[in-house]
Amino acid sequence: MLVRASIEPLMWENQFFGVKSAILRFTEDAPVLKPERLVGWWRVQAKIPAQRTDLLDALQQLDFRLVEGEVDLALPVVEVTDPQAQIAVDADIPTLREQAAQAFAQSRFRAPWYAPDASGRFYAQWIENAVKGVFDHQCLVFRTPGGDIRAFVSLRQLNETDARIGLLAGRGAGAELMQAAIHWAHQRGLTTLRVATQMGNTAALKRYIQSGACTESTAYWLYR
């Protein structure tokens, strides 16, 4: 099949990672994607619905390679007991950066596609931004009796009805973190909480489903 797609530069990622990368935007009126259009880009990304095996095959013919699968889930926001999570503050940023870098070292920004430390740096910056209310709106944390951060979740309100979990990490704290996220959304009068994770992250998928989430879509990320 012919792949029709425009090539959109990823400005923020390019500045952060120091690479010349872009993402494909698939529309029926876009020009045919030919190899010569891809020349000059260091990295071109594509995200496609998992059921589009025809598009997967066509992109592989253009030397795109599968990087990871992604599952998007949604769950209804209901009233839950307040788990007493705390709002992260600026003083928490160094610890949160370190924890996020370790927790998300194997994302789609991993080597060999990006520098060995790229994924860690990306998610460290993400959680710092969440504390500051940039992109994600807030970061909630749970602490040990001694005051150390043991788990965190970042959240963003998408519109008048929906919120999305950004980053969630903390060994053994999944149920608490989901309860904190649902409570946060309920306080804002929202009705749906969304979250995405890697297909291979079965522990996260199990936790989300146990918390009431249902799969809404699956997708593949490919790079060239």
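With a 6.0 Å radius and a threshold of 12 heavy atoms from other residues, nucleotides or ligands, R65 has its CZ atom at or below the threshold. Counted within 6.0 Å of OH on Y220, heavy atoms from surrounding residues, nucleotides or ligands total 12 or fewer; the atom is thus considered open. More than 12 heavy-atom neighbours from other residues, nucleotides or ligands sit within 6.0 angstrom of CE on M1.
Looking at heavy atoms from C-beta onward, L33 lies in side-chain contact with L38 at the 4.5 angstrom threshold. The shortest distance between side-chain heavy atoms of N129 and Q125 falls below 4.5 Å. A heavy-atom distance below 4.5 Å is not found between the side chains of T215 and Y208. Looking at heavy atoms from C-beta onward, P35 lies in side-chain contact with L62 at the 4.5 angstrom threshold. A 4.5 Å side-chain heavy-atom check between F64 and L24 finds at least one atom pair inside the cut-off. Contact of the Q187 side chain with the H183 side chain is registered, since non-hydrogen atoms from C-beta on lie closer than 4.5 Å. Side-chain contact check for V19 versus L10: every heavy-atom pair is 4.5 Å or farther apart. Inter-residue side-chain proximity for V195 and L168 is flagged as unmet; no heavy-atom pair is nearer than 4.5 Å.
Ion pairing between a basic and an acidic side chain is recognised when a charged N comes within 4.0 Å of a carboxylate O; D54 and R52 show such pairing.
Across G170 and L177, no two heavy atoms sit closer than the pair N-CD1, 4.3 Å. Nearest approach of A85 to A180, heavy atoms of both residues: CB-CB, 4.0 Å. Contact record, A91 with P94: O-CD, 3.6 Å, taken as the closest heavy-atom pair.
Remark: of the listed residues F122, F135, W126, F122 is the sole one forming a ring-ring contact (aromatic ring centres under 6.0 Å, His included) with W12. The salt bridge (Lys or Arg N to Asp or Glu O under 4.0 Å) test with D92 singles out one residue from R143, R150, R97, and that residue is R143.
Remark: side-chain polar atoms of R4 are paired, donor with acceptor, to backbone N or O of A30 under 3.5 angstrom.
Listed by first and then second residue, the side-chain hydrogen bond (donor to acceptor under 3.5 Å, both in side chains) pairs involving residues 29-43 are T27-D29 (not counting sequence neighbours).
A continuous path of Ile, Leu, Val, Met, Phe, Trp and Tyr side chains, each step under 4.5 Å between heavy atoms, connects I87 with W184, placing both in one hydrophobic cluster. L140 and Y123 sit in two unconnected hydrophobic clusters of ILVMFWY residues. Membership requires side-chain heavy atoms under 4.5 Å apart, directly or through other members. Note on F142: it does not cluster hydrophobically with I149, by side-chain heavy-atom contacts below 4.5 Å among ILVMFWY residues. Residues L56 and M199 fall within the same hydrophobic cluster, defined by Ile, Leu, Val, Met, Phe, Trp and Tyr side chains chained together at heavy-atom separations under 4.5 Å. Each of Y114 and L66 belongs to its own hydrophobic cluster when Ile, Leu, Val, Met, Phe, Trp and Tyr are linked at side-chain heavy-atom distances under 4.5 angstrom.
Here R207 pairs with nothing under the salt bridge (charged side-chain N to carboxylate O under 4.0 Å, His left out) rule; sequence neighbours left out. Residues that satisfy the salt bridge (charged side-chain N to carboxylate O under 4.0 Å, His left out) test with E13, not counting sequence neighbours, are absent from this structure.
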Per-pair distances, 0.1 Å, donor-acceptor, side chain in residues 101-112, under 3.5 Å, sequence neighbours excluded:
from : atom 1 : to   : atom 2 : distance (Å)
S107 : OG     : F109 : N      : 3.1
S107 : OG     : S119 : OG     : 2.6
R108 : NH1    : Q45  : OE1    : 3.0
R108 : NH1    : Y223 : OH     : 2.9
R110 : NH1    : S107 : O      : 3.3
R110 : NH2    : V67  : O      : 2.9

Donor-acceptor list for residues 151-165 side chains, cut-off 3.5 Å, not counting sequence neighbours:
from : atom 1 : to   : atom 2 : distance (Å)
S154 : OG     : D136 : OD2    : 2.6
S154 : OG     : L167 : N      : 2.8
R156 : NE     : D136 : OD1    : 3.4
Q157 : NE2    : N159 : O      : 3.0
N159 : OD1    : T161 : N      : 2.9
N159 : OD1    : T161 : OG1    : 3.0
N159 : OD1    : D162 : N      : 2.7
D162 : OD2    : R194 : NE     : 2.8
D162 : OD2    : R194 : NH2    : 3.2
R164 : NH2    : D72  : OD1    : 3.2
R164 : NH2    : D72  : OD2    : 3.4

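Separating the CZ atom in R224 from the CD atom in Q60 is a distance of 13.5 Å, to the nearest 0.5 Å. Atom CG of L55 sits about 4.5 Å away from atom CD1 of I48, to the nearest 0.5 Å. In this structure, L75 CG and E216 CD are separated by 10.0 Å, a value rounded to the nearest 0.5 Å. Note that NZ of K132 and CD of Q138 are 15.5 Å apart. Values are rounded to the nearest 0.5 Å. A distance of 9.5 Å separates OG of S211 from CG of L193, quoted to the nearest 0.5 Å. In this structure, L96 CG and D90 CG are separated by 10.5 Å, a value rounded to the nearest 0.5 Å.
Between Q61 and D57, the side chains place no donor N or O within less than 3.5 Å of an acceptor N or O (distance only, hydrogens not considered).
Taking Ile, Leu, Val, Met, Phe, Trp and Tyr as members and joining any whose side-chain heavy atoms lie under 4.5 Å apart, directly or through other members, the hydrophobic cluster of L2 also contains V32.
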task: Carefully, step by step, assess W221 and I23 under the rule side-chain contact (heavy atoms from CB on, under 4.5 Å).
output: CA-CA 10 Å; W221 281 97; I23 190 168; 3.9 Å; yes
